[in-house]
**Q** 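Just passing along the structure, written as structure tokens.
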Number of protein chains: 2
Amino acid sequence: MDEIRNDDNKKETRNTRQKKLIIDCLNKYGSNHMTVEEIFNLIQQQDTQISIATVYRNLRLLEEQGLVNKVFVADDATAYYEIKDAASSHSHHHLICRQCGAIIDFEDDLLEALEKMITLTKGFQVQDHHVAFYGICRDCTEKNKAAQDAVEKPAPDEARQ
Amino acid sequence: MDEIRNDDNKKETRNTRQKKLIIDCLNKYGSNHMTVEEIFNLIQQQDTQISIATVYRNLRLLEEQGLVNKVFVADDATAYYEIKDAASSHSHHHLICRQCGAIIDFEDDLLEALEKMITLTKGFQVQDHHVAFYGICRDCTEKNKAAQDAVEKPAPDEARQ
DNA sequence: ATTACAACTGATAATAAATAGCGACAATCT
DNA sequence: AGATTGTCGCTATTTATTATCAGTTGTAAT
Ligand SMILES: [Zn+2]
Ligand SMILES: [Zn+2]
Ligand SMILES: [Zn+2]
Ligand SMILES: [Zn+2]
């Protein structure tokens, strides 16, 4: 009988205005991997009454339902959120820029082979993985190069701001 | 000439009793990836006066000097520490058991290829990476199998504790 | 050994991210 | 409409970590 009662543990979720605002927000800016604060600040412009506790609560619920993705960036204890739509459900990796903090998505499946190897050599049954590459993004690389050039050849005036 | 002046920014570090205790502790249990609390509790047995703030401080210094490694496990906001000796300086990956929480080291270099690809396709200059595989460790897999067997064939008494 | 100076210490306050508790509200179903 | 109960906004709490600060100690030069 216990098993039957267990069906109950998928508690039904409601469609509140606040939840819709959060999903809309993530759909709009979600590819930027937003913090709770950022989400809260944006939503406040449409709903000045909303509480940040509600944002936390809903993000947790949405994550439990598998509708959003909670991303951690080592070295930074705060969570970042993104929509987990059809395209990105296919768990991707993150490129994190040490200069500007940008979090960039990267699709790839090369780790499947590695997972098989781990199961074989370590007896560890891999369910999924979190991968982050740290470095300097394209934009910052270009900015740095420009700044470097400006130093090398004294530069035509406007190069210095 | 700038390079010479840069030597200054390595502020000199001192050899205190507390720092030694922390390194000893990590050398002894370091392969277990300990939390600050765990390190603090163990050291307290040898130095009842030590403050947990000192443990935090020294771990931060040691990490900045590259002597210890700070490991984050997504979904868990607390940091884990391990010694970064010759063997493990060669940045390894972590297998994290969802059942017992074990953090297991895994040596591998297959990601170099992936890093090259990222630089090519995304223009992102990879400096290093953090990789974690989540799943069930060998011990837990075996325990689960044993438990499962115990249910299937009613079991010779001692199987139930 | 004495001195001097900055890095360090222990105790505690402060910060930051996230959660828990609670009375009131409102989404959903009959 | 009425009942149920998930959710809301508010506030207090918890947890991990850092900042502060007066007193201490490692280190190196005298
Ligand atoms: Zn960047
Ligand atoms: Zn992403
Ligand atoms: Zn395990
Ligand atoms: Zn490790």
Side-chain angles (χ1 to χ4, degrees), chain A residues 5 7-25 33-65 67-82 101 103, chain B residues 7-25 33-65 67-81 101 103:
Chain A
R5 211 171 295 134
D7 281 347
D8 282 323
N9 68 5
K10 59 163 93 164
K11 79 174 163 189
E12 67 195 54
T13 180
R14 285 178 184 172
N15 228 1
T16 65
R17 173 174 35 81
Q18 293 85 344
K19 192 177 290 177
K20 281 181 207 144
L21 285 169
I22 290 171
I23 291 182
D24 286 354
C25 180
H33 306 83
M34 311 172 78
T35 65
V36 175
E37 280 291 324
E38 288 167 350
I39 296 169
F40 174 66
N41 288 334
L42 276 171
I43 291 181
Q44 256 190 327
Q45 296 173 6
Q46 294 170 264
D47 180 347
T48 53
Q49 297 293 48
I50 199 167
S51 159
I52 196 163
T54 298
V55 180
Y56 272 105
R57 247 185 320 238
N58 277 308
L59 285 170
R60 185 148 56 117
L61 288 176
L62 290 169
E63 205 226 344
E64 281 166 14
Q65 294 181 263
L67 295 176
V68 310
N69 217 5
K70 192 179 187 179
V71 176
F72 278 97
V73 175
D75 211 283
D76 180 351
T78 72
Y80 292 78
Y81 288 88
E82 67 187 336
I103 305 178
Chain B
D7 281 348
D8 279 328
N9 65 7
K10 61 163 90 160
K11 82 171 162 191
E12 67 195 54
T13 180
R14 285 179 183 172
N15 229 3
T16 65
R17 180 182 74 259
Q18 293 86 342
K19 191 179 289 177
K20 281 182 208 141
L21 284 170
I22 290 171
I23 292 182
D24 286 353
C25 180
H33 305 84
M34 310 172 78
T35 65
V36 175
E37 281 290 325
E38 288 167 351
I39 296 168
F40 174 65
N41 288 334
L42 276 170
I43 291 181
Q44 255 189 328
Q45 297 173 6
Q46 295 171 262
D47 179 348
T48 53
Q49 298 292 48
I50 198 168
S51 158
I52 195 163
T54 299
V55 179
Y56 273 105
R57 244 183 326 235
N58 277 307
L59 284 170
R60 186 148 55 116
L61 288 176
L62 290 169
E63 205 226 345
E64 281 166 16
Q65 293 181 264
L67 294 177
V68 309
N69 215 7
K70 192 179 186 179
V71 176
F72 279 96
V73 175
D75 210 284
D76 180 351
T78 72
Y80 292 77
Y81 289 89
I103 305 177

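Just so we're clear, the structure is a prediction, and the values are computed from it rather than from any experiment. Each chain gets a letter, A, B and so on, in the order its sequence line appears, and its residues count up from 1.
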**Q** Using atom CD of A/E37 as one end and atom P of C/dA17 as the other, report the distance to the nearest whole Å.
**A** 7 Å
**Q** When you check every protein heavy atom under 4.0 Å of nucleotides 1-15 of chain D, what one-letter string (B, S, -) results, 5' to 3'?
**A** ----BBSBBB-----
**Q** Using C1' atoms of five pairs at each end, report the bend of the helix from C/dA1-D/dT30 to C/dT30-D/dA1 rounded to 10 degrees.
**A** 40°
**Q** Pick from A/E63, A/E82, A/H33: which one makes a side chain to side chain donor-acceptor pair (under 3.5 Å) with A/N69?
**A**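 By the side chain to side chain donor-acceptor pair (under 3.5 Å) criterion, A/N69 pairs with just one of A/E63, A/E82, A/H33: A/E82.
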**Q** Take atom OH of A/Y80 and atom P of C/dA17, then tell me their distance rounded to the nearest Å.
**A** 10 Å
**Q** Hey, are the side chains of A/K70 and A/Y81 touching, using non-hydrogen atoms and a 4.5 Å cut-off?
**A** yes
**Q** Without swapping roles, check the side chain of A/K19 against the backbone of A/R14 for a donor-acceptor pair under 3.5 Å.
**A**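 The answer is yes, because a donor-acceptor pair under 3.5 Å joins these two groups.
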**Q** Would A/C25 and A/Q46 count as a side-chain contact (heavy atoms from CB on, under 4.5 Å) if you check the C-alpha gap in whole Å, the side-chain angles of each, and the deciding distance to 0.1 Å?
**A** CA-CA 11 Å; A/C25 180; A/Q46 294 170 264; over 6 Å; no
**Q** Is the distance from OP1 or OP2 of C/dA20 to the nearest side-chain N or O of A/R60 less than 4.0 Å?
**A** yes
**Q** Expressed in angstrom and rounded to an integer, what is the separation of B/L21 atom CG from D/dT25 atom P?
**A** 15 Å
**Q** Hey, does A/T16 have a side-chain heavy atom less than 4.5 Å from the side chain of A/T54?
**A**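 A side-chain contact under 4.5 Å is absent here.
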**Q** Is any side-chain nitrogen or oxygen of B/Y56 closer than 4.0 Å to OP1 or OP2 of D/dT17?
**A** yes
**Q** A side-chain contact here means heavy atoms from C-beta on lying under 4.5 Å apart; do B/E37 and B/I52 qualify?
**A**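 Of all side-chain heavy-atom pairs linking B/I52 with B/E37, at least one is under 4.5 Å.
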**Q** Atom CD of B/E64 and atom P of D/dT17: how far apart are they, to the nearest Å?
**A**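 Answer to the nearest Å: 15 Å.
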**Q** Can you list the residues that meet the side-chain contact (heavy atoms from CB on, under 4.5 Å) rule with A/K20, with sequence neighbours excluded?
**A** A/N15
**Q** Mind listing the closest non-hydrogen atom pair of B/I22 and B/N58 along with its distance?
**A**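 It is CD1-CB, 3.5 Å.
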**Q** For the pair made of CG in B/L59 and C1' in C/dC8, what is the distance, rounded to whole Å?
**A**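 After rounding, the reported distance stands at 15 Å.
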